[in-house]
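What follows is a short report on a single structure.
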Number of protein chains: 2
Amino acid sequence: MSEPLDPLAEILSSIRGSGRRVTEAKRRLAEVLVATTGHRTADELTTAVQVLSPEVSTSTVYRLLDEFEELGVVVHSHLGHAAAVYHLTGTVHGHLVCQRCEATVEIPAAHFDALSRELVTTYGFMLDRHHVAISGTCARCRESVAVTEHA
Amino acid sequence: MSEPLDPLAEILSSIRGSGRRVTEAKRRLAEVLVATTGHRTADELTTAVQVLSPEVSTSTVYRLLDEFEELGVVVHSHLGHAAAVYHLTGTVHGHLVCQRCEATVEIPAAHFDALSRELVTTYGFMLDRHHVAISGTCARCRESVAVTEHA
DNA sequence: TTAGATGCAAAGACTTTGCGCACTT
DNA sequence: AAGTGCGCAAAGTCTTTGCATCTAA
């Protein structure tokens, strides 16, 4: 049975499978990605990689993230005004991004099923479940707004 | 509430109402926004404003867009990897952004009603209908992919 | 008059690219 | 051995900021 293999091994083999080389930097980045929960900016990933291999440069991380994205290993989203965030493709989910406190919450992609069907039917548009990012106001901030207004 | 006044006059009066000054640059930007359909980047808006008043600078346009956004006159979204796009608040809608061809389609915010209810109920998260941007693949690109694969 | 608004230019944040050496295969 | 991949540094976008000047009120 092809159980969910070691995700790290999967990444490396999809690199090899594409005819590219497996290098120190790629291995490190893959390790960091596998060990990571949630979203990380290219800069955060670089810092994490450099803990393991200090000589790896930012530009390499950007190049590798592009490569990994072509291979379908990672996806990135632009959640706010700031840097793009990356995460492994495995975790299919959407993002709720609070405009006030910038907190982001990951939610199951299932929430988008109905919308997805609607958009395909109406516009022929196939929503990408990896990339959904919804802006709004989170529960906590809504409370504080309410409190403020009542005060 | 009164009739939908001249939108330009509304913008200017909300500037005055906030205690700020109405200037040449603000008037021009407001004119351009009102005359504009769809989304424009800060750069496009600057170019358009400069047709009317060549001395208005990019930095001013950025500052004014911030100010207009605070006043609730415009909103901006980050549709893709590129520059943010701005449009008047009046037109409440969502965006479908194609990842292959970068085309963006505006759709009625009503599509998000169900999702919106679901997110409030489940997460206490209030979706901002002005900011919704959904990534995916548009009808045309889906066709060309299909053709390619069959060839 | 006078504090806010602007133009200009420089700085900043994030990302991409050119080049020659190193390392994977 | 051969050519991909890498580090470094510079360049490129998009956006923000400092400051002296100008102007709306």
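Throughout, a chain's letter reflects where its sequence line sits, starting with A, and its residues are numbered from 1.
- Of the candidates C:dT25, D:dG7, C:dT15, the closest approach to any side-chain atom of A:Ala42 belongs to C:dT15.
- B:Thr41 comes within contact range of no nucleotide atom at all, as no heavy-atom separation falls under 4.0 Å.
- Straight-line distance from the CG atom of A:Leu12 to the P atom of C:dT24: 13 Å, rounded to whole Å.
- Both B:Pro54 and B:Gly19 sit near DNA chain C, but only B:Gly19 has its closest nucleotide nearer the 5' end.
- To the nearest angstrom, P of C:dT6 lies 9 Å from CD1 of B:Ile15.
- At a threshold of 4.0 angstrom between heavy atoms, the contacts of B:Glu55 are confined to the sugar-phosphate backbone, with no base atom among them.
- Side-chain to base pairing of A:Arg63 with D:dG7: one donor and one acceptor N or O lie within less than 3.5 Å of each other.
- Side-chain atoms of B:Ser59 lie closest to C:dA9 of the nucleotides C:dA9, C:dT24, D:dC8.
- In this structure, A:Ser57 reaches the bases: a heavy-atom distance under 4.0 Å links it to at least one base atom across the strands shown.
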Review point. Can you list the steps and then say if B:Thr36 with B:Leu88 is a side-chain contact (heavy atoms from CB on, under 4.5 Å)?
Key: CA-CA 9 Å; B:Thr36 285; B:Leu88 289 177; over 6 Å; no
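- A:Arg28 and A:Glu24 are joined by a salt bridge, as a carboxylate oxygen and a charged side-chain nitrogen come within less than 4.0 angstrom of each other.
- Here the C1' atom of nucleotide C:dT16 and the CD atom of A:Glu67 are 16 Å apart, to the nearest Å.
- Not one N or O on the side chain of B:Thr60 forms a donor-acceptor pair closer than 3.5 Å with the backbone of B:Val56.
- The six-membered or imidazole ring of B:His76 lies away from that of B:Phe68, with a centre-to-centre distance of 6.0 Å or more.
- Nucleic acid contact class of A:Arg20 (heavy atoms, under 4.0 Å, all strands): sugar-phosphate only.
- Within the structure, every side-chain polar atom (N or O) of B:Tyr62 is placed at least 4.0 Å from both OP1 and OP2 of D:dT16.
- Interface remark: the A:Arg21 side chain does not form any donor-acceptor pair with the C:dT25 base, using a distance-only criterion of under 3.5 Å.
- We find that CG of A:Asp66 is positioned 12 Å from C1' of C:dT17, with the value rounded to whole Å.
- In this structure, of C:dT6, D:dG7, D:dA25, it is D:dG7 that holds the atom nearest to the side chain of A:Thr60.
- When the P atom of C:dC14 is taken as reference, atom OH of A:Tyr86 falls 12 Å away, rounded to whole Å.
- Between the CD atom of B:Gln50 and the P atom of C:dG7 there is a distance of 9 Å, given to the nearest Å.
- Between the CD atom of B:Glu69 and the P atom of D:dT16 there is a distance of 10 Å, rounded to whole Å.
- A ring-centre distance under 6.0 Å is not found for A:His95 and A:His78.
- The separation between B:Glu44 atom CD and D:dT15 atom P is 11 Å, rounded to whole Å.
- Within the structure, every side-chain polar atom (N or O) of A:Thr23 is placed at least 4.0 Å from both OP1 and OP2 of C:dC23.
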